[in-house]
Amino acid sequence: MEKLKSAISQTLILSISQSNSRTLPNTCSSLHDFLNQLPQFHQMVEDLAYKDTSLFLKNKESALEFKLKGNNCFSKGDNSNALKFYTQALRFAPRDVNDMGKNLVATLYVNRAAVLQKMGLVMESLQDCNLALAICRSYSKAWYRRGKANTSMGNYDNAVRDLKVSLCMEQSISGKKQIEDEINLILDQHNVKDSSPNVAKVKDSNINDQSQQIQLQCVTTETKGRGMVCLTEIPPSTLLHTEEPYAAIISKEFRETHCHFCFNELPENVVPCPSCSMALYCSQVCQENASWQDSQCDMNKDYDIDFDLEKYVESVTKSNVNINNQNDEHKHECGANWSAALPSETVLAGRVIVKYIKQQGHFGNSCIVNLDLCHNYARLDPETKLEFHISSIILLKCLHYFYSSEFQLKGETISQCVLLLSQIQMNSMAIVRIKSSDSSENHTTSTIEQVRVGQAIYLSGSMFNHSCQPNIHTYFLSRTLNTRAIKFIPSGQPLELSYGPQVGQWSCNERQSSLRNQYAFICSCASCTQTNLSDLVIEAFRCSNPSCSGVVLDCDEVGYENRKVTLFGSAEYNKVKKVARLLCDLNKNHWVEPGFCLNCGGMRGCGSLHGTLRKGEICKRLIESGDEVASGLTCLDMLKKIFHKYNKRAAEVEDHMAKVFCGIGELQRARHHCKASIKVLEKLYGEEHIVIGNELVKLASIQLSLGEKAEFEETRNRIKLVFSLHYGSHVDVMFPHLHFLK
Ligand SMILES: C[S@@+](CC[C@H](N)C(=O)[O-])C[C@H]1O[C@@H](n2cnc3c(N)ncnc32)[C@H](O)[C@@H]1O
């Protein structure tokens, strides 16, 4: 990409940097013409799009190598490595290849089923047998292994039935004898009815929720374009919207650990894509949802059994969860280098285009995609505009290989792709998973963090505007967007989520510049336009008068606060009065001055603030870089003298000290600092914010370790309140590791 960029003339770069949605077709066409003359451009596209040179092709030799390694480990009893090697072998094994007279993939699934069974993962073992049987119905060993899995699960009827099927298919006399013995053993030991087998249930990753779907309406707002409102009043915690993505993509760093379709963590019995070695799924259902269904490879009926095998086999090998064939989102990119090499946003754009074309049923004259989403193309920086131009041309060239001559590449179509990339930048949502840890031996380590496992476009979800103090909260179950009210919302009031920046996390200044840089808009939410306690204190210094609780601001914050100085809501007015009394009494012409206390009016001086800030930052870094208790506490004391007691650094440093004390087993002191951190965060975020819930988890785990039952109960009840507000009935699904919540 960099090489291509350096070949482009300055004149063309200038016209691209000045382009807007009207002039885009011209700049796209010019760049396309220019790149078309470059041999290195054609080479690059070939490397990315040609399947023959793909790094993700199936490869029999590699598969056999991994299989051999797996077999060796298995025979030595090294199950975890055997599992790893068989899974690798499955990634590379071509579907249509035989090994020692059997389909290689089916053999590998059966081998892996044996390992899984040894590891006690019997459900997973049974699922692998089903996958083998989906390919090879007359595979005696797969039926046998399935019979063993059913025996371990106590499904003796099914076990006997599976073993009988295996017996019919088994050719060798010794093999037949062994199976007969096993059947007789089960019949002797267990009371088995000779009935038709039940279909084993495939683990259902979809979660049932009693959602009340509420009618939302998209309206035009004065300052934020279109936005969502609800026409009835909504109580807190109401689930008000759920939606499947129009298109979604896994984040690059989670490709090896999470399912490429539902984004849940991969289990031990990973299901690789049947046609490439890159995509991995958590189940057959997800694999089929993302690409296409397998056909069986052999149907030779050289056996004779006493019930309707075909029907039974079908019930066993077909997943019993609905496959949504609309999705097959991986098909067009399967086995090509470009889906791994291009940025995720560009690959996501490819998925949107392919879906759109499929929905239309044909290629429009010049229209490849037209989603009704907003974008800020004209306001993008020149570098991003150029990247979007180049990425669009490369992506469309790659798609051209898939669609061949039907797919037209001209200025108009490329410009639609550039706009689509801008829409993705503006509207796509990060699919987030909560990573919580709770080690039962040492509860003091319970923590919660969020990881961005994927990125998706939700068409209705894109209509929610941003607020730095949102009234709705979003989270994801598999790839389904869930939206819940986190406050009481009167009828007709805008429903607004946070695009990232939030009051309590950052100052107004930082929030504004983050939204401007990432989304190219100036936030006009209530918190950015009205005085609130959090924005005043988050970066504030303390007054030099030790008995005054006043706020002193430096030049960076004063500008934003001055703009809001005449506006505040009643709740905030009462809170602000306690730390910035003068602000509430100011007449309208008065300005907030840097370096002066907003409570008592005392002057602290701006120059000295900068020196103090530097000193404070050094202290904070010193504390956070070490586990030294004594120096940490000295620095903490110094920080308290410099910054306002609700400055966010106070919470960060208290939290760090809590961790230090947990580390050395001084849990009472850890609890003290943990509580101090929560106290500050409550001022910054509000008491019911999800951040408070996460911090309370730490406190609860310390209290549990200290054996403080009553205090723990109290904290646990608060956690439940905060989590239920944000996740409703999905709390248990979202926090499966937090056993102590149950
Ligand atoms: C994901 S879209 C939301 C829907 C959009 N309003 C529309 O008309 O399609 C994001 C865009 O909405 C506008 N917007 C959202 N929240 C805003 C806010 N707090 N202040 C100003 N503009 C906002 C900005 O133009 C932003 O680029």
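First listed ligand is number 1; within each ligand, the first listed atom is number 1.
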Under 6.0 Å between the ring centres of H644 and F541?
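No, the ring of H644 stays outside the 6.0 Å limit from the ring of F541, centre to centre.
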
Closest to [atom] (judged by heavy-atom distance), picking from [options]:
atom: atom 20 (N) of ligand 1; options: S524, P470, S527; answer: S524
atom: atom 16 (N) of ligand 1; options: M463, H466, M228; answer: H466
atom: atom 2 (S) of ligand 1; options: C525, P501, C374, C218; answer: C374

Would you call the rings of [X] and [Y] parallel, tilted or perpendicular, where under 30° means parallel and over 60° means perpendicular?
X: F476; Y: Y458; answer: tilted
X: H689; Y: Y685; answer: tilted
X: F464; Y: H241; answer: perpendicular
X: Y281; Y: H330; answer: perpendicular
X: F521; Y: Y519; answer: tilted

Protein contact of [atom] - nearest heavy atom, named by residue and atom, plus distance:
atom: atom 9 (O) of ligand 1; value: R226 NH2, 2.8 Å
atom: atom 22 (N) of ligand 1; value: F521 CD1, 3.5 Å
atom: atom 15 (C) of ligand 1; value: N465 OD1, 3.1 Å
atom: atom 10 (C) of ligand 1; value: Y499 OH, 3.3 Å
atom: atom 13 (C) of ligand 1; value: K224 O, 3.6 Å

Heavy-atom contacts with [X] under 4.0 Å: which atoms of ligand 1 show up? List them by number with element.
X: S462; value: 1 (C), 2 (S), 3 (C), 4 (C)
X: N376; value: 27 (O)
X: C523; value: 19 (N), 20 (N)
X: M426; value: 1 (C), 10 (C), 26 (C), 27 (O)

With a 4.0 Å cut-off on N to O distance, would you call D372 and R226 a salt bridge?
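Salt bridge present between D372 and R226.
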
State whether K5 and E383 are salt-bridged, where the test is any N-O pair (Lys NZ or Arg NE/NH1/NH2 against Asp/Glu carboxylate O) under 4.0 Å.
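Here K5 pairs with E383 in a salt bridge, since their nearest N and O are under 4.0 Å apart.
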
Closest approach of E244 to T480 (non-hydrogen atoms, all atoms of both residues)
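Scanning both residues, the minimum pair turns out to be OE2-OG1, 2.6 Å.
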
Proximity flag I522 to ligand 1, non-hydrogen atoms under 4.0 Å
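The answer is yes: ligand 1 sits under 4.0 Å from a heavy atom of I522.
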
Output yes when the distance from some N or O of ligand 1 to some N or O of S467 is under 3.5 Å, and no in every other case.
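N/O-N/O distance under 3.5 Å: no.
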
